[in-house]
Amino acid sequence: MSELISLKATARPRAGKGAARQARRDGNVPAVIYGNSETPEMINLEYNELWKQVLRGHFTSTAIELDVEGKKHIVLARDVQVDPVRDTPLHVDFQRVGKDGVIRVSIPVHFTNEAASPGLKRGGVLNIVRHDVEVFCPYDKIPRFFEISLEGMEIGRSIHISAVTMPEGVTPVIKNRDFTIATIAGALKGDDETSSAAATPDAAAAPAADAKGAAPAAGAKAAAAPAAGGKAAAAPAAKPAAKK
C-alpha cells in the first residue's frame, strides 16, 4: 500500500496568470484544491518539496495530506502540468477526498515469471491490453501495483480481471464484464510445421509448371532464330554492292 504524503502549502490570495507567474518567480508552484462540493482554494507549494515527491514516483496515485497554514486536506493529485522543455512542474490540480474516503484511481499492472511461461518459451508474445486498471479504493489503501504471474501460461491464453487478487475494499470500476488485461499471442509450433508441409508440394510444383510453360517460349525463340539468320546472311551480299 502507498503511504500518505505530507506537504505544506500557503494560501494564494489571487488567481490568474499574473499571480501564478509571481508564485513561480518566488520559487513556488501554484496549485488548486477542488471537489467535495466545497469552494476551490488557490495555494502555493514549495517547489523543492513538491519536486522531491514527484521524483519518488506514483505521485498521482498516492493520497496527500496538504497542510494549508494549519488547515489540513486529504487530496489526490489529478493533474500535474509540466514545462515542455525542462519537464518540471508548473501547476498542480488536487481533488479533495470525499467523506467516505473512497477514491477512483488507476493502478499499474506488473507481470512476473515470464521464464516460467511455456507459451513465451515457444515464441509467443505477451500482448498487454491494459497497462493500468481503474479501481475504487480507500484513500489510505491504494495499491502500488497489481502483480500477475505468467507461470504456466500457454499460447492463446488470456488473463482477465477476475484473475487479479485485489486487497480488501478495492474493486474495479468496470463491474459488468470480466475484461481482458493481457493475452499470450502467437502461432503454435505444430501449426507452423503443418503450414510448412502444406506449402512444400506447391513449391515443388512451381518449377515443373514453369518448365512446362517455358518450353513454348523457348521454341518460339528457336523458331525465330532462322529468320534472324536469314537476315544475317543477306548482309554479306550487300557489302560488295556498297563497295561498287
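Computed over heavy atoms, backbone and side chain alike; hydrogens, waters and symmetry mates excluded.
- Here the CG-NZ distance, from D67 to K72, works out to 5.5 Å after rounding to the nearest 0.5 Å.
- Atom CZ of R56 is surrounded by 12 or fewer heavy atoms from other residues, nucleotides or ligands within 6.0 Å.
- Partner I184 forms a side chain to side chain contact (heavy atoms under 4.5 Å, CB included) with one of N127, V125, L126 and no other, that one being L126.
- The closest side-chain heavy-atom distance from Y34 to T39 is not below 4.5 Å.
- Minimum interatomic distance between N28 and E46 (heavy atoms only, all atoms of both residues): OD1-CA, 3.8 Å.
- Looking at heavy atoms from C-beta onward, V97 lies out of side-chain contact with V102 at the 4.5 angstrom threshold.
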Pair F94, V32 - check side chain to side chain contact (heavy atoms under 4.5 Å, CB included), show working.
CA-CA 6 Å; F94 293 106; V32 61; over 6 Å; no

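- Residue pairs meeting the side chain to side chain donor-acceptor pair (under 3.5 Å) criterion with at least one partner in residues 110-120, sequence neighbours excluded, are N113-S149.
- In this structure, the side chains of V75 and Q95 stay at 4.5 Å or more apart for every pair of heavy atoms.
- Applying the side chain to side chain donor-acceptor pair (under 3.5 Å) test to N36 and every residue at least two apart in sequence or in another chain returns E38.
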Given salt bridge (charged side-chain N to carboxylate O under 4.0 Å, His left out), test E41 with K71 step by step and report yes or no.
CA-CA 12 Å; E41 295 184 36; K71 184 180 178 181; 3.4 Å; yes

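- Connection of I148 to F145 is not established within any shared hydrophobic cluster, with ILVMFWY side chains joined at heavy-atom distances below 4.5 Å, either directly or through further cluster members.
- W51 and I5 fall within a single hydrophobic cluster, where Ile, Leu, Val, Met, Phe, Trp and Tyr are joined by side-chain heavy atoms under 4.5 Å apart, directly or via other members.
- With hydrophobic clusters built from ILVMFWY side chains whose heavy atoms lie under 4.5 angstrom apart, I142 shares a cluster with V133.
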Can V170 and F136 be said to form a side chain to side chain contact (heavy atoms under 4.5 Å, CB included), step by step?
CA-CA 6 Å; V170 180; F136 292 116; over 6 Å; no

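- The closest donor-acceptor contact from the side chain of R78 to the backbone of D93 lies at 3.5 Å or more, if one exists at all.
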Pairs of donor and acceptor atoms involving the side chains of residues 6-13, under 3.5 Å and at least two apart or interchain, shall be tabulated with distances.
from, atom 1, to, atom 2, distance (Å)
R12, NE, I43, O, 3.3
R12, NE, N44, OD1, 3.3
R12, NH2, A31, O, 3.0

Pairs of donor and acceptor atoms involving the side chains of residues 155-166, under 3.5 Å and at least two apart or interchain, shall be tabulated with distances.
from, atom 1, to, atom 2, distance (Å)
H160, ND1, D178, O, 3.2
H160, ND1, T180, OG1, 3.4
S162, OG, D178, OD1, 3.2
S162, OG, D178, OD2, 2.8

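- Applying the side chain to side chain donor-acceptor pair (under 3.5 Å) rule to D26 yields the partners Q22; only residues at least two apart in sequence or on another chain are considered.
- F59 and L76 end up in different hydrophobic clusters when Ile, Leu, Val, Met, Phe, Trp and Tyr side chains are linked at under 4.5 Å.
- For residues 125-135, the pairs satisfying salt bridge (charged side-chain N to carboxylate O under 4.0 Å, His left out) are R104-E134, with sequence neighbours left out.
- The two residues P118 and E154 have their closest heavy-atom pair at CB-OE2, 3.5 Å.
- Connection of V109 to L150 is established within a shared hydrophobic cluster, with ILVMFWY side chains joined at heavy-atom distances below 4.5 Å, either directly or through further cluster members.
- A 4.5 Å side-chain heavy-atom check between D87 and V82 finds at least one atom pair inside the cut-off.
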Quick one: do L50 and K52 satisfy side chain to side chain contact (heavy atoms under 4.5 Å, CB included)? Show the steps, please.
CA-CA 5 Å; L50 174 65; K52 287 178 184 178; over 6 Å; no

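- Residues P108 and H131 fail the side-chain proximity criterion, which asks for heavy atoms closer than 4.5 Å.
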